[in-house]
Amino acid sequence: MPLRVYNTLSGEKETFVPLLPGKAGMYVCGVTVYDYCHIGHARANVVFDIIFRYLKYAGYDVTYVRNYTDIDDKIINRANQEGCDYSVISERFIKAFDEDMARLGLAKPTVEPKATDHIGGIIAIIEALVAKGHAYASDGDVYYAVDTFPEYLKLSGRNLEEMQAGARVEVGDKKRNPMDFALWKGSKPGEPWWESPWGQGRPGWHIECSAMSMEFLGKTFDFHGGGKDLIFPHHENEIAQSEAANGCRFVRYWLHNGFVNINSEKMSKSLGNFFTIREVLDKFDPETLRFFILSAHYRSPIDFSDQNLEEARTGLERIYSCLASIDEVLNRIPTSAELPAVECLSAIGLELQEKVAQFIPRFVEAMDDDFNTAQALGGIFETVRATNRFLAESKEFSPVALSLIAHVQHLFDEVGSVLGLFTLNPGQWLDGIKSAKADQIDIASDEIERLIIERTEARAAKNFKRGDEIRDYLLEKGIQLLDSAQGTTWNVK
RNA sequence: GGCGGCGUAGCCAAGUGGUAAGGCAGAGGUCUGCAAAACCUCUAUUCAGCGGUUCAAAUCCGCUCGCCGCCUCCA
C-alpha cells in the first residue's frame with residue numbers, strides 16, 4: 001500500500017509520489033517569535049513531527065525545514081512595549097520555542113532557518129517579481145499585484161471579486177488593489193531595517209517562507225504544512241510569490257492540521273482562550289499531551305480540556321502498565337534459567353502471536369492512510385489486551401513465550417519511535433505519573449509506606465479489620481492499594 | 001453574504017460502497033480474606049433528520065436542521 005495524503009489543493013487524498021525517488025522535501029511554517037507558544041502550536045508541531053518521522057520510517061530521505069519568522073510587526077510592537085531591540089524579543093522566544101519543543105520530544109528538523117538570515121534571498125525574489133510585472137514599488141513599499149496571477153486563490157478556493165466585495169479588506173493608498181499584499185515594507189523611524197533597492201525596510205509577512213523554502217528545498221518540493229488558518233492568506237500568497245517568480249509549480253502536496261478548540265471554539269490569541277504549552281506541561285507530562293493530540297486525526301478539530309487530557313493519560317497508563325509487566329517478566333526470568341520445554345503456545349498465546357504478526361502491517365496501513373494515528377493507536381490497544389491476557393494466563397514462561405513478549409516489547413519500541421511515545425522506561429514513567437499525582441495528595445509517601453507495613457503485618461496476623469481500616473483510610477486520601485504476590489504497592493487514584 | 005468542514009454509544013474517537021475499530025466511563029463475572037489491578041462478558045440492529053441512487057450506504061447524491069472554521073493577525 002502506498003502512502004496517501006490529503007492535499008488541500010485538490011481536496012482529495014492522493015498517492016504520494018516524491019519529486020525525486022527516495023527523497024521527500026518538507027517545509028512547515030514555524031512560529032512568529034513574539035510570545036510563548038500555546039497548545040495550538042503544540043498540535044501543529046507534533047503533527048508534523050510525526051509526519052517527518054513516519055516519512056523517514058517509510059524509507060524516505062527527508063529534508064525537513066521549519067522556519068522562525070523573527071521579523072514582524074508583532075515582534076516590533078512587543079519590543080517597543082518593552083523598550084528593547086526587536087532581536088531581544090525574537091531571541092527570547094526562539095529559545096522558549098526550542099525549550100517547549102524539546103520537552104514535547106520533537107525531533108529536530110533538518111534545518112531551522114531564520115527569516116533575518118535570508119534577507120538577500122527575499123530581495124532577489126521581490127526583484128524577480130518586479131521585473132516580471134507581478135509586483136510594484138510604491139512609496140518605499142513593494143506590493144504584489146494579485147490580478148497578475150490568474151491562479152490566485154486556487155488553494156483556498158475563493159473568488160477574488162467576492163472577497164473584494166466583502167469590503168473588510170483595508171484599502172491602503174499605496175496599493176493599486178485592496179487585495180494586494182506587501183512584499184517589502186519601508187521602515188519607519190526607530191524600526192529595524194535592511195538596505196534594499198527600494199530603500200531601507202524589512203520583508204512583509206509571507207515572502208520569507210518563499211525564500212527559505214526555495215533556498216533549502218528548491219523551486220518545487222513535496223510537502224508544505226501548517227495550520228488550517230494559514231491557508232488564506234499566508235499559503236495562498238506564498239504560492240503567488242513563488243510560482244510567479246519561478247515560473248513553475250511551488251508545492252506538490254499541501255497539508256493542514258485542524259485546530260485545538262476550547263469548548264468547541266478555536267483556541268486563539270485574539271479570543272484569549274489559550275493555554276501555553278508551559279502551563280499544560282506543569283499539569284500533564286509531555287507524552288500524555290502527545291497521546292492526546294494523536295488520539296484524533298490531524299485534520300479534525302480536537303477539544304482541549306482537563307478531562308480529555310486525564311482520559312488520554314489513563315489510556316497511556318494502560319499501555320505503559322502493560323509494558324511494565326513485560327519488563328517485569330523479562331527481568332525476573334534470566335535467559336540462563338531452566339525453562340519449561342513447552343514449545344507450543346496456548347490458544348491465547350497463538351492469538352497474541354497473530355496480533356504480533358499483524359502489528360506492523362496494520363500500523364503502516366493506518367499511517368499510510370493520511371497519517372491516521374487514531375487508527376494506529378487502536379491497533380496498539382488491541383495488542384495491549386492480547387498481551388495482558390497472555391501474561392495473566394501464563395504461570396510460567398517457555399522460551400517461545402518469552403521470545404513472544406520480547407517481540408511485543410520490540411514492536412512497541414518501533415512504533416513508539418515513530419509516534420514519539422513509549423520512549424521512557426515504563427516503570428519510571430508510571431512512577432513519574434504517580435509522584436505527579438501524589439503532589440496533589442495531602443499525605444506523605446513515607447507515611448503511606450509505614451501504613452502499608454502496618455497493614456501487611458495486620459493481615460499476616462489475620463487481623464483483617466485493622467488491615468481494611470488502613471486501606472479505607474488511604475482510599476479516602478486518594479491512595480489505592482494494590483496487593484500482589486510480590487507485596488503491596490500503591491497508586492494515586 | 002461568499003467559501004469550506006463537521007454531526008458515529010453517556011463521553012472521546014476510527015471507519016468514505018459490503019453489513020459499526022479502539023479508549024474512557026458504567027454493569028455483571030473470574031481472581032481476592034474483602035478490595036484494587038488484570039482478565040472475561042455486556043453496553044449503537046445503527047451512524048443529526050428526510051428523500052434518492054444501488055443487489056448493498058455511516059460511507060455517493062439532494063434537501064432540511066444544528067455546530068464550527070476561513071474571508072482581519074493566527075498553528
Side-chain angles (χ1 to χ4, degrees), chain A residues 8 11 13 28-32 34 37-48 72-74 77 153 156-159 161-170 179 205 225-234 236 256-261 264-271 274 291-292 295-297 299-303 305 307-308 310-319 321-322 325 348 362 366 369 372-385 387-393 459 462-465 467-468 471-472 475 479-484 488-491 493:
Chain A
T8 307
K13 281 185 199 169
V28 172
C29 290
V31 284
T32 299
Y34 73 104
C37 288
H38 57 63
I39 299 304
H41 299 106
R43 182 180 195 192
N45 283 286
V46 165
V47 161
F48 288 105
D72 176 87
D73 289 356
K74 289 197 288 285
N77 289 343
L153 303 181
S156 54
R158 294 165 201 277
N159 174 302
E161 287 77 44
E162 278 164 359
M163 287 196 63
Q164 288 174 36
R168 287 174 69 186
V169 182
E170 195 179 316
M179 291 299 290
W205 184 42
K228 271 190 159 78
D229 46 0
L230 294 182
I231 295 171
F232 183 88
H234 186 54
E236 202 70 76
H256 293 98
N257 64 278
F259 297 131
V260 176
N261 290 338
S264 303
E265 280 197 323
K266 179 185 169 183
M267 176 187 292
S268 74
K269 292 269 176 160
S270 45
L271 290 172
F274 64 91
F291 186 88
F292 166 69
S295 67
H297 185 90
R299 284 188 285 117
S300 306
I302 189 166
D303 221 58
S305 68
Q307 189 192 323
N308 288 347
E310 279 162 18
E311 213 170 83
R313 183 171 60 196
T314 307
L316 190 56
E317 268 185 274
R318 180 170 162 82
I319 299 171
S321 298
C322 174
S325 302
I348 289 172
R362 289 184 64 193
D369 185 10
N372 195 335
T373 51
Q375 191 174 64
L377 291 179
I380 287 169
F381 276 112
E382 286 184 35
T383 307
V384 165
R385 191 175 60 209
T387 303
N388 281 336
R389 229 178 129 170
F390 184 64
L391 293 176
E393 75 141 14
R459 291 175 72 221
K462 300 279 184 207
N463 184 357
F464 294 119
K465 181 164 174 294
D468 290 353
R471 192 185 63 210
D472 294 344
L475 192 58
I479 305 299
Q480 186 84 65
L481 295 184
L482 295 85
D483 295 333
S484 78
T488 300
T489 57
W490 59 277
N491 224 329
K493 212 181 170 192

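A quick note: this is a predicted structure, and the numbers were derived from the prediction, not measured. The sequence lines fix the lettering, A, B, ..., with proteins before strands; numbering per chain opens at 1. These values consider heavy atoms only, across backbone and side chains, with no hydrogens, waters or symmetry-generated copies.
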Say you pick atom P in U8(B) and the same atom in A14(B); how far apart are they, in whole Å? 11 Å
Name all residues meeting the salt bridge (Lys or Arg N to Asp or Glu O under 4.0 Å) criterion together with Asp303(A); count only those two or more places apart in sequence or in a different chain, and write none if there are none. none
Could you check whether Thr32(A) gets within reach of a base, just the sugar-phosphate, or nothing at all, counting any heavy atom under 4.0 Å? nothing
Between A75(B), A14(B), C24(B), which one does the side chain of His41(A) approach most closely? A75(B)
Just checking Phe48(A): base, sugar-phosphate only, or nothing, at a heavy-atom cut-off of under 4.0 Å? nothing
Could you tell me the separation between the CG atom of Asn257(A) and the C1' atom of G69(B), rounded to a whole number of Å? 13 Å
For atom C1', what is the distance between U46(B) and C70(B), given to the nearest Å? 34 Å
Output a table of nitrogen or oxygen pairs between the protein and nucleotides 39-44 of chain B separated by less than 3.5 Å.
unit_1 : atom_1 : unit_2    : atom_2 : d
C39(B) : OP1    : Asn388(A) : ND2    : 2.8
C39(B) : OP2    : Arg318(A) : NH1    : 3.4

Choosing from G23(B), A14(B), U16(B), which nucleotide comes nearest the side chain of Asp369(A)? U16(B)
Send over the distance from Glu310(A) CD to C12(B) P, rounded to a whole Å. 15 Å
Closest-nucleotide ordering on RNA chain B, the 5'-leading residue of Gly315(A) and Leu481(A): Gly315(A)
Distance, P atom - from A13(B) to A9(B), rounded to whole angstrom: 11 Å
Rounded to the nearest Å, what distance is computed from the CG atom of residue Asp303(A) to the P atom of nucleotide A13(B)? 8 Å
Would you measure the distance from the P atom in G49(B) across to the matching atom in G66(B) and give it in whole Å? 15 Å
Comparing nearest nucleotides in RNA chain B, the 5'-proximal residue of the pair Gly30(A), Phe232(A) is Phe232(A)
If the condition is ring-ring contact (aromatic ring centres under 6.0 Å, His included), which residues does His234(A) pass it with, not counting sequence neighbours? Trp205(A), His206(A)
Distance between C1' atoms of U53(B) and C42(B) (Å, rounded): 38 Å
So, is Asn372(A) close to the G15(B) phosphate, meaning a side-chain N or O under 4.0 Å from OP1 or OP2? yes
Between the protein and nucleotides 2-7 of chain B, list every N/O to N/O distance that falls short of 3.5 Å.
unit_1 : atom_1 : unit_2    : atom_2 : d
G2(B)  : O2'    : Glu162(A) : OE1    : 2.6
G2(B)  : N2     : Arg158(A) : NH1    : 3.1
C3(B)  : O2'    : Gly157(A) : O      : 3.4

Under the salt bridge (Lys or Arg N to Asp or Glu O under 4.0 Å) rule, collect the residues that match up with Arg389(A), sequence neighbours excluded. Glu351(A)
Within the structure shown, what part of the strands sits under 4.0 Å from Gly40(A) by heavy-atom distance: base, sugar-phosphate, or nothing? base
For Arg299(A), all residues meeting salt bridge (Lys or Arg N to Asp or Glu O under 4.0 Å), sequence neighbours excluded: Asp370(A)
At under 4.0 Å between heavy atoms, what does His297(A) touch on the DNA or RNA strands: base, sugar-phosphate, or nothing? sugar-phosphate
Let's test your reading of the pairing rules: Watson-Crick or G-U wobble, both distances under 3.5 Å, then write RNA chain B as a dot-bracket string with ( ), [ ], | and dots. ((((((((.[[[..)..(...]]].(((((.......))))).....[[[[[..)....]]]]])))))))....
Arg362(A) and Glu382(A): CA distance, side-chain angles, deciding distance, salt bridge (Lys or Arg N to Asp or Glu O under 4.0 Å) verdict: CA-CA 11 Å; Arg362(A) 289 184 64 193; Glu382(A) 286 184 35; 3.2 Å; yes
Could you write nucleotides 27-33 of chain B as a row of B, S and -, 5' to 3', where a protein heavy atom under 4.0 Å of any base atom gives B, of only sugar-phosphate atoms gives S, and otherwise -? ------B
Closest listed nucleotide, where the reference is the side chain of Val31(A) and the choices are A75(B), A36(B), A25(B): A75(B)
With sequence neighbours excluded, what pairs up with Asp369(A) under the side-chain hydrogen bond (donor to acceptor under 3.5 Å, both in side chains) test? Lys13(A)
Closest of A14(B), C70(B), A25(B) to the Lys266(A) side chain is C70(B)
Residues that Gln307(A) engages under side-chain hydrogen bond (donor to acceptor under 3.5 Å, both in side chains), provided they are two or more places apart: none
Using whole Å, what does the distance between atom P of nucleotide C73(B) and atom OH of Tyr34(A) come to? 12 Å
Starting at CG of Asn261(A) and ending at C1' of C11(B), how long is that distance when rounded to a whole Å? 16 Å
If I take atom CD in residue Gln375(A) and atom P in nucleotide C12(B), what distance separates them, rounded to the nearest angstrom? 20 Å
Say whether, by atom type as modelled, one donor and one acceptor occur between the side chain of Glu236(A) and the main chain of Ser156(A) under 3.5 angstrom. yes
Starting the side chain at C-beta, find the nucleotide from A14(B), A21(B), A37(B) nearest to Leu482(A). A37(B)
C31(B) to A25(B) separation - P atoms, rounded to the nearest Å: 23 Å
Which residues pass the side-chain contact (heavy atoms from CB on, under 4.5 Å) test with Pro301(A), sequence neighbours left out? Asn261(A)
Between C11(B), A21(B), A75(B), which nucleotide gets closest to the side-chain atoms of Glu311(A)? C11(B)
Interatomic distance, Arg362(A) CZ vs A14(B) P [rounded to whole Å]: 16 Å
Residues which pass ring-ring contact (aromatic ring centres under 6.0 Å, His included) with Tyr34(A), listed by chain and number, not counting sequence neighbours: none
